[in-house]
Number of protein chains: 2
Amino acid sequence: MCSAQVQSPFYDQSAIWPGASDFKLAKNANVVRFKAGETLYVEGESAPYCYQVVSGVVKEYNTLEDGRRQVADFYGVGDLFGISELEDQLHTAEAITDCAVRCYSRDPFLKAVASCPKLSQQLLDTLMARLHSSRERMIMLGRMSAIQRVAAFLIRLSREQKATSNIRFIMSRQDIADHLGLTIETVCRALTEMKKRGVIIFESARLFSIQDTASLEEITHNSN
Amino acid sequence: MCSAQVQSPFYDQSAIWPGASDFKLAKNANVVRFKAGETLYVEGESAPYCYQVVSGVVKEYNTLEDGRRQVADFYGVGDLFGISELEDQLHTAEAITDCAVRCYSRDPFLKAVASCPKLSQQLLDTLMARLHSSRERMIMLGRMSAIQRVAAFLIRLSREQKATSNIRFIMSRQDIADHLGLTIETVCRALTEMKKRGVIIFESARLFSIQDTASLEEITHNSN
DNA sequence: CGTTGTTTTGAGTTTTCTCAACATGTGTGG
DNA sequence: CCACACATGTTGAGAAAACTCAAAACAACG
């Protein structure tokens, strides 16, 4: 396995893409700031840019004709996004928190990557890691119950924030639901159920702690 | 967008990875044959090989502790697989039809790719295309109804086989169900429903034709 | 021509969704 | 600092979708 890298470590400020700052095309890249809730882009057709998070958290989602949404992923510091887009669906990126992103023009970016073995190696590793995690997500969406999905998501948050207490939901319940392929109500009920079982406790709606890591992990494995 | 390439064109004999045959490591790669139903590999831990389909069709799936399966994808002639694997789940590849696959030792493969810009470009394109299609699959699993998923799958088969009549299911209903995150019965009922509506007709259980392409496409878009 | 495996259909149950009400925050202006 | 408004989150009851279990139909194969 190639050197895997954790995806979206929201609170890890260390550069995931250490090469990023000494990109040949770093000069082409301007850093843009967005306020929480602002849309970075909406795209139906071509995607002329790709992006890297400098600070804050961004969500990327697809909207179906009838308004249903699927949040593809959340991106944190260091994460690249906008690399492989869909043409047929409405495709949007939105700032969850205030954030700064480095924008690369797509073609020069890809050209620079192609001409530098080190960069293309990094990009390969990144893509493989992402493919890997999207595999995990397919298992989640295809074969896990509501409570299993939510439990798995809590574990992800815990890993990313490297904490078992005072873990923050940076995203809304709606975002979580749209990411997990559930409704907002079902996400709530799953959280309440885990609270009832004493697996987690809430400091507030957006802040929780894991009481019983083993049970939480067990929920993701056992079907009841 | 980078030159996208269709994934898994089961019946397209043209090389998808044109560089494949003049791989520097082609000498390291031996072609192995499997009978339908045989397991190419089962892996929990490290994945020392990656593979390319020479002929036939292969399915790749993950098994959860309790036996539920998620078929990650079906691979046809030219497709690479085994590149980005999961460590935590039981991960298996199995021949659906009789087939031949070229096996590459993982490390030399990646090294050769790294040392050849053309190859790494090809691999990058492949991975991006795959990421792209896995995005589509997440929308399917997360936000589409049973009949929508099945309809989308039929369209995929039609595209891959470049036909609207006498389209073959090379895989079993169970495989389809495990790919779409449904049960075998639900897949059957969805197919029957489309047959009733006159959207498709069956030549046999594994052979069908599309009667009304527009309606089929409409099913994937409208929620009823 | 029975045996075995796959696909289809049926009936009842479970899970998740929908719609509606209620609760809890959060922020702003008085 | 309080009061109100607006957004976000939670709970409940009934409906819909998909699942489970069981049986029947259909194919493939020796």
Side-chain angles (χ1 to χ4, degrees), chain A residues 35-37 59 64 66-70 94 96-98 140-151 153-154 168-196 200-208 219 222-224, chain B residues 35-37 59 64 66-70 94 96-98 140-151 153-154 168-196 200-208 219 222-224:
Chain A
K35 290 236 157 285
K59 73 181 171 198
L64 277 70
D66 59 355
R68 284 172 298 176
R69 296 188 328 160
Q70 176 67 35
E94 201 180 301
I96 292 189
T97 64
D98 290 0
M140 204 172 70
L141 294 173
R143 285 291 174 239
M144 288 185 165
S145 69
I147 198 167
Q148 286 182 311
R149 295 183 210 186
V150 175
F153 187 72
L154 296 188
R168 281 178 53 78
F169 292 105
I170 41 276
M171 65 293 287
S172 69
R173 296 286 190 274
Q174 186 63 64
D175 289 337
I176 297 171
D178 287 338
H179 182 57
L180 301 181
L182 300 169
T183 59
I184 193 174
E185 294 95 332
T186 304
V187 171
C188 271
R189 284 186 248 268
L191 288 171
T192 306
E193 175 62 26
M194 289 192 270
K195 189 177 72 182
K196 269 186 201 155
I200 55 172
I201 45 169
F202 280 92
E203 269 75 41
S204 77
R206 294 282 187 109
L207 204 63
F208 73 99
I219 291 175
N222 286 352
S223 22
N224 43 52
Chain B
K35 291 235 158 285
K59 73 180 171 200
L64 277 69
D66 59 355
R68 285 173 295 176
R69 295 188 327 160
Q70 176 69 35
E94 200 179 302
I96 292 189
T97 64
D98 290 359
M140 204 174 70
L141 294 172
R143 285 290 175 238
M144 287 187 166
S145 69
I147 199 166
Q148 286 181 310
R149 296 182 210 187
V150 175
F153 187 72
L154 296 187
R168 281 176 53 76
F169 292 105
I170 41 275
M171 66 293 289
S172 69
R173 295 286 190 275
Q174 185 64 63
D175 288 338
I176 298 172
D178 287 340
H179 182 57
L180 301 182
L182 300 169
T183 59
I184 192 174
E185 295 95 332
T186 304
V187 171
C188 271
R189 284 186 247 267
L191 289 171
T192 306
E193 175 60 26
M194 289 191 270
K195 189 176 72 182
K196 269 187 201 156
I200 55 171
I201 44 169
F202 280 93
E203 270 76 40
S204 76
R206 293 283 187 109
L207 204 63
F208 73 99
I219 290 175
N222 286 354
S223 23
N224 44 50

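Below, read A as the first sequence line, B as the second, and so on, with proteins coming before strands; counting in each chain starts at 1.
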Whole-Å gap separating [atom2] ([N]) and [atom1] ([X]):
X       : N       : atom1 : atom2 : answer
I176(B) : dT6(C)  : CD1   : P     : 13 Å
Q174(B) : dT6(C)  : CD    : C1'   : 10 Å
M194(A) : dT11(D) : CE    : P     : 13 Å
R173(B) : dA18(D) : CZ    : P     : 18 Å
D66(A)  : dT18(C) : CG    : P     : 10 Å
K196(B) : dG10(C) : NZ    : C1'   : 11 Å
I184(B) : dA18(D) : CD1   : C1'   : 15 Å
R143(B) : dT16(C) : CZ    : P     : 13 Å

Can you tell which of [options] lies closest to the side chain of [X]?
X       : options                   : answer
E185(A) : dT10(D), dT11(D), dG10(C) : dT11(D)
S145(A) : dC19(C), dT16(C), dA18(D) : dT16(C)
R206(A) : dT7(C), dG9(D), dA20(C)   : dG9(D)
R189(B) : dC17(C), dA11(C), dT8(C)  : dA11(C)

Polar side-chain atom of R68(B) near backbone of G142(A) as donor-acceptor pair, under 3.5 Å: no
[X] side chain near [N] phosphate (N/O to OP1/OP2, under 4.0 Å):
X       : N       : answer
T183(B) : dC19(D) : yes
T192(A) : dT10(D) : no
S172(B) : dT6(C)  : no
T186(A) : dT16(C) : no

5' precedence on DNA chain C between G181(A) and S204(A) (nearest-nucleotide basis):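 Taking each residue's closest nucleotide, the earlier one in sequence belongs to G181(A).
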Of all the heavy-atom pairs spanning [X] and [Y], show the shortest one and how long it is.
X       : Y       : value
V150(A) : V187(A) : CG2-CA, 4.3 Å
Q148(B) : R143(B) : OE1-O, 4.3 Å
I147(B) : I219(B) : O-CG2, 3.8 Å

Touch class at under 4.0 angstrom, heavy-atom based, for G37(B) against every strand present: nothing
Touch class at under 4.0 angstrom, heavy-atom based, for L182(B) against every strand present: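 Sugar-phosphate, backbone atoms only, no base.
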Aromatic ring pairing F202(B)/F169(B), orientation class (parallel under 30°, perpendicular over 60°, tilted between): parallel
